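Structure first, commentary second.
Below, chains carry the letters A, B, ... as their sequence lines are ordered, and counting in each starts from 1. What you see is a predicted model; the values in this text were computed from it and never measured.
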Amino acid sequence: MTTLISGQAVARALSRVSQALIEQKETLTSLDQAMGDGDMGITLTKIGNALLPYCADTAPDDLGKFLIGAGMTANRAGPSTMGTLLATALMRAGKVIKGKSELTPQDLADMFAAVDTGIQERGKAKPGDKTIVDAVHPANEAFAQAIAAGVTLAEAGAKALQAAKNGLDNVTPLRSKMGRASWVGERTKGKVDPGCAAFVVMLSAIIEPPSASYSQTI
Amino acid sequence: MTTLISGQAVARALSRVSQALIEQKETLTSLDQAMGDGDMGITLTKIGNALLPYCADTAPDDLGKFLIGAGMTANRAGPSTMGTLLATALMRAGKVIKGKSELTPQDLADMFAAVDTGIQERGKAKPGDKTIVDAVHPANEAFAQAIAAGVTLAEAGAKALQAAKNGLDNVTPLRSKMGRASWVGERTKGKVDPGCAAFVVMLSAIIEPPSASYSQTI
Amino acid sequence: MKKILNNPENFVTEMLDGLLKAHPDQLTYTEDIHCIVRTDSPIEGKVALATGGGSGHLPVFLGYVGKGMLDGCAVGDVFASPGAEQMLWVTQRIHGGAGVVYIYGNYGGDVMNFDMATEMAEFEDIEVRTVLVKDDVASAPPEEAERRRGVVGMVFAFKIAGAKADRGGSLDEVVAVTEKALANIRTMGVALSPCTVPMAGKPTFSIGEDEMEIGMGIHGEPGMKREKLQSADEISERMTTAILDDLQPQEGDRLAVMVNGLGATPPEELYIIYRKVHELLAKRGLSVYRAYVGEYATSMEMAGASLTFFRLDDEMIELLDYPARTPFFTQI
Amino acid sequence: MKKILNNPENFVTEMLDGLLKAHPDQLTYTEDIHCIVRTDSPIEGKVALATGGGSGHLPVFLGYVGKGMLDGCAVGDVFASPGAEQMLWVTQRIHGGAGVVYIYGNYGGDVMNFDMATEMAEFEDIEVRTVLVKDDVASAPPEEAERRRGVVGMVFAFKIAGAKADRGGSLDEVVAVTEKALANIRTMGVALSPCTVPMAGKPTFSIGEDEMEIGMGIHGEPGMKREKLQSADEISERMTTAILDDLQPQEGDRLAVMVNGLGATPPEELYIIYRKVHELLAKRGLSVYRAYVGEYATSMEMAGASLTFFRLDDEMIELLDYPARTPFFTQI
Ligand SMILES: Nc1ncnc2c1ncn2[C@@H]1O[C@H](COP(=O)(O)OP(=O)(O)O)[C@@H](O)[C@H]1O
Ligand SMILES: Nc1ncnc2c1ncn2[C@@H]1O[C@H](COP(=O)(O)OP(=O)(O)O)[C@@H](O)[C@H]1O
Ligand SMILES: [Mg+2]
Ligand SMILES: [Mg+2]
Ligand SMILES: [Mg+2]
Ligand SMILES: [Mg+2]
């Protein structure tokens, strides 16, 4: 039997992401101050604060529309680099599930792939440039592989999160090549990319409580 | 026999005053920062630095001209309130001894009186306003009395200095009523007036080495 | 606060050298680089206007030398009066035969030196008149208004006097209109941080992270009171009330309003202040004819702001609107 | 650094409210207060110019909206890009039928959002062209010039584009002349102290009492290098050399020079820098056609300065001299 993820579960996941971004404000701000302009925690908190009421007030009937609307809300609330990429991710994820009211694990994998592609198209960063792409891209690949291998959603989520964390660690020693951090040059070496960190925060929030329990609550 | 003060002694006294102002820069600056704009040490150092070469290069033949020239030099170098009053004092003192090349104790008393009047005319402060007048005026009166009583120059100088110090102490508890300090209002109570302090510095430098030895060196 | 300096002793001279190199079409000097005059001075038949004061307040003082405003300025060292001789040089150079008006702030050193300069100029048959600026309501109560210091309100005085002189006003007329303007100008300010005189090398006063000075002086001298730092709206209301209580305008009066930054306070914060001031004035039935928001008189890198109201009538409006062009102030 | 604030969340909205109240004759907004446009927009038949970017840089960005410069500006939060929707609103309102040019700094968030806005505007048959400002030589070596960020040099781009558009230039012509201007504009800066984003409440970076950041960003992001604080002459020489090495002017070339204060650095210090720069240029046989010394793009209360050179030819001179009037920039 295929696990099915309800619209409510998606809305709850987005609320958890919002909550997590708000909670991690200080950490993300500090990371962005070290090699950027220090606004990331602020921007993402604004987005979190805009998405929470959005999730509460919007019926997740058509999950495509729901996520595209969430993307537009995010762009209005916090159009910084990270905010715009998050908005793009939500809109791209929404596009691939247009009209659906519940999702299969394969839908999740398609959405993840669309997010990966969307972020790379909008931002034009490549893997190794030390951006959010270095967490998103390996996580997407790990997730796709796990789903293809037929493991549980909980396991697939855990694999994706591990891949994201590894991706973050892999690029920490490197020099940032995109965005504001690229101007800081050599001094970014050894520092955690704030975008990668933000993605780990968001992905952790999605799969927490562990996705195994998803099927129970739907 | 009447003690006579040579032109050289006057020039040396003015050099000592200059030197003392330079040495007391920090103290005077701190006092002026507490209830003014903190420039007094700087201004008086500039004047000191201008008067030292003036004293070295100018023959004190006509002591009137010598002191008027010193006043103009002082005004050019540091035209703040204190600098302008010092310049006025030098010019007024010069006026009363025009043409003289050596001075009697009575000349000194006349000069002191001219300085007192000049400062009050230029600045329009009255005794009790908590300005330099509160050190100058009692010092002038004490000096005049002492000279009239026929004591030695050393004693007269010491009396004047004591009167200046008492004057300073007497106005310390009061509120400043003139100049920048007047705007600081109540907060000036209990603080030493920088102008009084500067006058004590200058007067100490004039009578140091004690004026008794003047007659030996002339 | 860190500064971009060479030898602090040369601070003013180097600043003036840079300024003359940057604005050679507008400014030059006479006798000494510390005596700045318009390149086209003297202007025959025009009443000439001079000011003077310590450095460290740009655009005050010399920044307002130019067409439609001042003719010359004697420049002192940082926060120190210029000397009487400098003032005389400026006076001689700008005098166009119609007399000279000195317009400057009520500070002891400046008054004494301008008085000495006046005596010297009159000796040379140059008619000199003085208008003292005493706009700071925080520096003394109304009954001692004569004792008040002059702060940024002087910029309005320069503007009005400059327009009147440029339009051919006589010496008496220029003096009268400037005095009338000043009778209708009041300022009040707060400081959040001190400033550093380059040669002193340390701040003029120290102040806690949550404190502010009420009614600071533009030389970094402490104000009348130290208080807990308030919100922008509270500060705005406080300054507005203090000025209105003193100026006592009538409902329907038109004002020019100036929100002035002391140096380190960003324009964004000045507009946040202006917003509240505008609102409070509207509530009292007072309208803003013109708003000036920016840095018009600074104290180097001091953080803080001041507020100035100038009550206008038709004559003042005509002169305020008159065009002007100086290195720091252009109005068309 | 202490700030005059109400609730930091309302910083930008209150600032804009104050600004609109202070300049009602010049500025208004469309749809949302964060979308500032000229009161007289759209101007039929004129190429419209828009910019956008984060707040905290006044006069950049919106301070250059006005006659002879820009038509509109999308205003972001402090140091944050505005959103694509805002840009679209500005675009719709200012479009006078002759196309719209976006001129803004090369920052990721802004580029992504302006790109999204372009897609939306083209959907509505508004022709949009983009000119990215990348003038900061410190942000990438010459071979990676495409990666450079845009700083205060954009003010010259606004001036040139604005003059060309006001004189009836076509969309192609305005884009071409702006790109030509930018090919001749370079900036380099140093920061001495950080700034505080109101909502963050603490400084962006910390820096020792005797240190400076070389090539800081205007958002308070750290620069390429941290070094011992140098003298004004050394800093001036350093910036001059870095720009000239990159711009490679010929002897006899005419330049416009801008010495820009980042916020807390007093004008006096900027003129001390200008003095040395002028001297160094003269030594190389380069002349200064026009000097701009003041605050043209700030980072709130950051201390520091930047230097911009703009190599001129007759066409550029004509456009640079063209009059302009905005709330922060008046040239006659
Ligand atoms: N072109 C890009 N593509 C993808 N990610 C990027 C790009 N540029 C920057 N990033 C990511 O964005 C993060 C910074 O986000 P944010 O603070 O919102 O940027 P900014 O303040 O410059 O708008 C970086 O840590 C990096 O992961
Ligand atoms: N009108 C005045 N007459 C006499 N002395 C004055 C007057 N005003 C101020 N002073 C004296 O000047 C001192 C301050 O001198 P200074 O620092 O040079 O003033 P400023 O910085 O205001 O020019 C005060 O401590 C006071 O003794
Ligand atoms: Mg950032
Ligand atoms: Mg003083
Ligand atoms: Mg002084
Ligand atoms: Mg940002």
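- Side-chain atoms of Thr240(D) and Arg284(D), non-hydrogen and from C-beta on, never get closer than 4.5 Å to each other.
- Scanning residues 52-69 of chain D against chain C with a 4.5 Å non-hydrogen threshold yields Gly56(D), His57(D), Leu58(D), sorted by number.
- Residue contact with chain D, scored on non-hydrogen atoms closer than 4.5 Å, involves the side chain of Ile273(C) exclusively.
- Judged as a side chain to side chain contact (heavy atoms under 4.5 Å, CB included), and not counting sequence neighbours, the contacts of Asp25(C) are His23(C), Arg325(C).
- No side-chain donor-acceptor contact under 3.5 Å links Ser299(C) to the backbone of Met302(C).
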- prompt: Please walk me through it: do Thr187(C) and Thr308(C) pass side chain to side chain donor-acceptor pair (under 3.5 Å)?
  reply: CA-CA 4 Å; Thr187(C) 299; Thr308(C) 305; 2.8 Å; yes
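- Gln331(D) contributes a side-chain N or O that, together with a main-chain N or O of Leu320(D), makes up a donor-acceptor pair within less than 3.5 Å.
- The candidate from Phe328(D), Tyr271(D), Tyr274(D) with the greatest count of non-hydrogen atom pairs under 4.5 Å with chain C is Tyr271(D).
- Listed by sequence position, Leu5(C), Asn6(C), Phe11(C), Glu14(C), Met15(C), Asp17(C), Gly18(C), Leu19(C) are the residues of residues 5-19 of chain C in contact with chain D, using a 4.5 angstrom heavy-atom cutoff.
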Glu209(C)/Lys2(D) under salt bridge (Lys or Arg N to Asp or Glu O under 4.0 Å): CA gap, chis, key distance, verdict: CA-CA 7 Å; Glu209(C) 257 315 296; Lys2(D) 285 181 292 184; 5.4 Å; no
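- The local environment of OH in Tyr29(D) is sparse, with at most 12 non-hydrogen atoms from other residues, nucleotides or ligands closer than 6.0 Å.
- With Met300(D) as the fixed residue, the side chain to side chain contact (heavy atoms under 4.5 Å, CB included) test singles out one of Val78(D), Leu262(D), Thr196(D): Val78(D).
- Residues Tyr292(C) and Phe156(C) place their aromatic rings such that the two centres sit under 6.0 Å apart.
- Not one N or O on the side chain of Lys159(D) forms a donor-acceptor pair closer than 3.5 Å with the backbone of Asp321(D).
- Judged as a side chain to side chain donor-acceptor pair (under 3.5 Å), and not counting sequence neighbours, the contacts of Glu234(D) are Ser231(D).
- Chosen from Val190(D), Thr330(D), Val257(D), the residue pairing most often with chain C at heavy-atom distances under 4.5 Å is Thr330(D).
- Across all their heavy atoms, Thr265(D) and Gly304(D) have their closest contact at OG1-N, 2.7 Å.
- Residue contact with chain C, scored on non-hydrogen atoms closer than 4.5 Å, involves the side chain of Leu229(D) exclusively.
- Of the listed residues (Ala232(C), Gly263(C), Pro267(C), Pro198(C)), the one with the most heavy-atom contacts under 4.5 Å to chain D is Ala232(C).
- Residue Val293(D) touches chain C through its side chain alone, counting heavy-atom pairs closer than 4.5 Å.
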